[in-house]
Structures are given as C-alpha cells and as structure tokens.
K.L.:
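This is the structure I have questions about; it appears just below.
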Amino acid sequence: MHRGRFPLRASSEKQGIGFFCDGRASLVVGTHTHVPTADHQILSGGTAYMTDAGMTAIMIRSSACRRKSRCGALRRAFLGPVRTALGTATLSGVAVETDDETGLALRIAPVRIAGGSSRRCRDFGSQGVDS
C-alpha cells in the first residue's frame, strides 16, 4: 500500500486525484471538512474513493459554553486566544477491505461514531441531530 498527502480543498481536485490514482492506490480519501460526503465508492480500476471523510474532533454543538470564545476568535481573525472545546469527540473516517494479492479495494464503508449521541440539539426538538 502506498500513501500520499495532497493538500486539496475543492471536491473537483480531490476527484481528479482519485481518478489519477485509480488502479494505483488502495484508497484515496479527502479530509479536513466538518461534514463527510456520501460518495464512497470503488472506482473502475479498484481504488476505494471518498471525497471527504469529515473530521475527528469535539463537535462545536457538544460544547456550547465555548461557542462565544470561538466566534470571537473568528471575528479577530484568530489573533486572540481560542479555548479548547470540552466534551465527547466524534470520529469520522472510512473503512476499506483490500485484496491481499493486488492491494486494491474490495469494500468501502464510511465510519462515523458520534460522541454524546444521546444529546439532542434544542433547535431541532425531539428529532435531534446525532446519528
């Protein structure tokens, strides 16, 4: 298995790398946005692909007491101190099964383990927002 890092932001750039690496890599997955995409697939050459796996972090909704600090820091363009959020983290990622001989993907599935999944967002009533 080979690994590479591409600092890409646009979905189209990530898709381009996916097509370029198709058949040459086991997996191409983007990261760094807060919301995972729902486009996990195995490309025609056998490379597992997902535009963005989301983030693994403490979600802002689990730490309402830190929101004002964070928003204030954004307004000051991160010049002021930013407090670390407190709470249970959410894990986002992807699981891939590969062929032992070829190294290419056999199966791909998104992984999202929501921290504090029993918590509900008041703005959404009893529906909640956690999976």
Side-chain angles (χ1 to χ4, degrees):
M1 178 185 283
H2 296 285
R3 188 173 71 112
R5 185 180 185 286
F6 304 96
L8 306 173
R9 294 187 185 271
S11 298
S12 58
E13 294 174 330
K14 294 174 186 180
Q15 290 169 353
I17 290 296
F19 291 131
F20 175 77
C21 294
D22 190 19
R24 302 176 190 178
S26 302
L27 169 68
V28 173
V29 61
T31 61
H32 295 317
T33 65
H34 293 201
V35 180
T37 56
D39 62 346
H40 56 284
Q41 61 186 297
I42 297 177
L43 301 175
S44 61
T47 296
Y49 173 82
M50 186 174 186
T51 300
D52 208 298
M55 72 172 190
T56 296
I58 297 171
M59 305 306 267
I60 201 77
R61 69 173 180 257
S62 68
S63 155
C65 63
R66 302 288 187 193
R67 287 183 189 174
K68 287 185 180 180
S69 171
R70 183 74 173 147
C71 292
L74 288 170
R75 283 194 306 269
R76 292 186 307 274
F78 296 103
L79 297 176
V82 178
R83 294 183 185 171
T84 303
L86 303 174
T88 305
T90 294
L91 173 88
S92 296
V94 64
V96 177
E97 180 183 351
T98 58
D99 184 281
D100 290 338
E101 291 182 28
T102 67
L104 297 176
L106 299 173
R107 292 192 296 181
I108 181 172
V111 174
R112 185 166 170 89
I113 302 170
S117 61
S118 63
R119 296 180 186 187
R120 300 293 181 218
C121 181
R122 281 184 287 164
D123 300 335
F124 290 93
S126 62
Q127 299 264 134
V129 294
D130 296 313
S131 55

K.L.:
May I ask whether Phe19 and Val28 are part of the same hydrophobic cluster, defined by side-chain heavy atoms of I, L, V, M, F, W, Y residues being less than 4.5 angstrom apart, directly or through others?
P.N.:
yes
K.L.:
Search all heavy atoms of Lys14 against all heavy atoms of Thr51 and return the closest pair with its distance.
P.N.:
CD-O, 3.2 Å
K.L.:
Do Ile108 and Tyr49 have side chains that approach each other closer than 4.5 Å (heavy atoms only, starting at C-beta)?
P.N.:
no
K.L.:
Would you say Met55 and Ser92 make side-chain contact, with heavy atoms under 4.5 Å?
P.N.:
no
K.L.:
Taking all atoms of both residues into account, what is the closest heavy-atom pair of Asp22 and Gly46, and its distance?
P.N.:
OD1-N, 3.3 Å
K.L.:
State whether the side chain of Asp52 and the backbone N or O of Thr37 hold a donor-acceptor pair below 3.5 Å, judged by distance alone.
P.N.:
no
K.L.:
Which residue is it: Val111, Thr31, Leu27? I am looking for the one with a side chain to side chain contact (heavy atoms under 4.5 Å, CB included) to Val94.
P.N.:
Leu27
K.L.:
If every non-hydrogen atom of Pro36 is compared with every non-hydrogen atom of Ala53, which pair is closest and at what distance?
P.N.:
CB-O, 3.5 Å
K.L.:
Please find the pair of heavy atoms, one from Ser26 and one from Thr98, that lie closest to each other, and give the distance.
P.N.:
CB-CG2, 3.9 Å
K.L.:
Please report the shortest heavy-atom distance between Thr47 and Gly23, naming the atom on each side.
P.N.:
OG1-N, 2.8 Å
K.L.:
Is there a path of hydrophobic side-chain contacts, each under 4.5 Å between heavy atoms of I/L/V/M/F/W/Y residues, joining Leu104 to Ile17?
P.N.:
no
K.L.:
Are any non-hydrogen side-chain atoms of Leu91 and Arg112 less than 4.5 angstrom apart?
P.N.:
no
